[in-house]
Amino acid sequence: MLDRDAITEFREKGATKLAGVFSDWVETLRKGVDYNMEHPGPDGRFYTDDKTAGRFLTDYCNWDRIPEYRDFIFNSDAAQIGAALMGSETVQLFHEHVLVKEASNGLRTPWHQDQPYYCVQCPQTVSLWIPLDPIPRERTLEFISGSHKWGKLFRPERFNGTALNEDDGMESPPEIDPDGGEHEILGWAVEPGDAIAFDYRTLHGAPANHSNNLRRAFSLRLLGKGATFMRREGVVTSPPFRDITLETGAPLTGAEFPRL
């Protein structure tokens with residue numbers, strides 16, 4: 001199903017583009033995201049650039065109330081693609097995540113890793129970031145090649161630049177100069193139905209959307225074998241999963257995290 005070069009790039013560089021793998025699901029996901037925009041979940045958050053009217057929505061954990069998300073998660077090839085990329089015999093859902101930048105939104109997505117936000121640990125992880133609108137190279141998601149192998153986790157921050165947990169003792173994400181040549185920066189122009197796959201530990205970010213076009217993206221966070229629950233006392237995670245009562249180190253189980 002997947003090109004061997006794409007699997008190698010994912011494992012070696014931490015991110016890869018998968019062209020057209022979800023083309024048949026674009027309209028389904030658009031319908032779900034449009035509903036989500038009008039009916040955000042309890043943890044949905046709109047960020048607005050003070051200089052423009054464009055909004056930036058991030059929301060997650062709505063698959064159990066939005067049928068289009070549920071249809072995609074359980075009936076698309078996402079689990080098989082995730083298994084091939086991770087080299088895992090099993091695939092488990094962690095959560096879905098929707099990011100929508102309206103036209104002329106001047107807020108960029110800052111450089112960050114996903115893993116430090118989460119209440120889970122797993123040796124095999126993959127996010128499938130699926131654009132629902134054409135996105136040119138200059139406005140696409142970007143990745144620092146090989147950063148998933150640095151052995152570092154950086155402080156989680158909200159997308160407005162404030163710390164998720166004050167005084168958490170973690171190192172700030174590094175300042176990345178896209179034109180500095182210090183790092184190989186990966187990024188691809190994408191069409192609706194493509195997917196960009198990346199490891200939870202890969203540093204990534206995205207430019208502001210100064211265009212007149214909407215930028216919708218649906219992300220699926222998947223886990224391979226050996227996922228365990230992890231939470232530190234007094235530390236906020238994103239998603240918060242407030243009702244989960246698992247002990248730290250326990251296998252990740254429960255209806256919120258179905259095996260796919």
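Screening Gln92, Glu96, His97 for a side-chain hydrogen bond (donor to acceptor under 3.5 Å, both in side chains) involving Arg221 leaves a single residue, His97. Evaluated for a ring-ring contact (aromatic ring centres under 6.0 Å, His included) with Phe94, the options Tyr60, Tyr118, Trp63 yield exactly one hit, Tyr118.
Salt bridge status for Arg216 with Asp133: present, with a side-chain N to carboxylate O gap under 4.0 Å. Using a 4.0 Å cut-off between a side-chain N of Lys or Arg and a carboxylate O of Asp or Glu, Glu171 and Lys152 qualify as a salt bridge. Looking at Glu142 and Arg137, a side-chain N of the basic residue comes within less than 4.0 Å of a carboxylate O on the acidic one, giving a salt bridge. A salt bridge links Asp43 with Arg242: the distance from a Lys NZ or Arg NE/NH1/NH2 to an Asp or Glu carboxylate oxygen falls below 4.0 Å.
The aromatic rings of Trp150 and Phe154 sit perpendicular to each other, their planes meeting at more than 60°, with 30° as the lower class boundary.
In this structure, Met230 is not a member of the same hydrophobic cluster as Tyr200, with clusters built from ILVMFWY side-chain heavy atoms closer than 4.5 Å.
Closest non-hydrogen pair, Gly41 versus Asp59, comes out as N-OD2, 2.7 Å. In this structure, Cys122 and Leu223 approach most closely via the heavy-atom pair CB-CD2, 3.8 Å. The nearest pair of heavy atoms linking Leu132 to Val26 is CD2-O, 4.2 Å. The shortest non-hydrogen separation linking Val120 to Gln115 is O-NE2, 2.8 Å.
A donor atom on one side chain and an acceptor atom on the other are not found under 3.5 Å apart for Thr248 and Arg231. Side chains of Asn36 and Tyr69: a donor-acceptor N/O pair is present below 3.5 angstrom, by distance only.
One N or O on the side chain of His112 and one on the backbone of His204 form a donor-acceptor pair closer than 3.5 Å.
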Please tabulate, one pair per line, all N/O donor-acceptor pairs under 3.5 Å involving side-chain atoms of residues 71-89, not counting sequence neighbours.
| unit_1 | atom_1 | unit_2 | atom_2 | d |
| --- | --- | --- | --- | --- |
| Asp71 | OD1 | Asn75 | ND2 | 2.7 |
| Asn75 | ND2 | Asp71 | O | 3.4 |
| Ser76 | OG | Phe72 | O | 2.7 |
| Ser76 | OG | Ala78 | N | 3.1 |
| Ser88 | OG | Thr90 | N | 3.2 |
| Ser88 | OG | Thr90 | O | 2.6 |
| Ser88 | OG | Gln124 | OE1 | 3.3 |
| Ser88 | OG | Lys225 | N | 3.1 |

Donor-acceptor pairs under 3.5 Å, side chain of residues 184-199 to any protein atom, not counting sequence neighbours: which ones?
| unit_1 | atom_1 | unit_2 | atom_2 | d |
| --- | --- | --- | --- | --- |
| Glu184 | OE1 | Ser145 | OG | 3.2 |
| Glu184 | OE2 | Lys13 | NZ | 3.0 |
| Asp194 | OD1 | Gly20 | N | 2.7 |
| Asp194 | OD2 | Glu191 | N | 2.9 |
| Asp199 | OD1 | Arg201 | N | 2.8 |
| Asp199 | OD1 | Arg201 | NE | 2.9 |
| Asp199 | OD2 | Arg201 | NH2 | 3.0 |

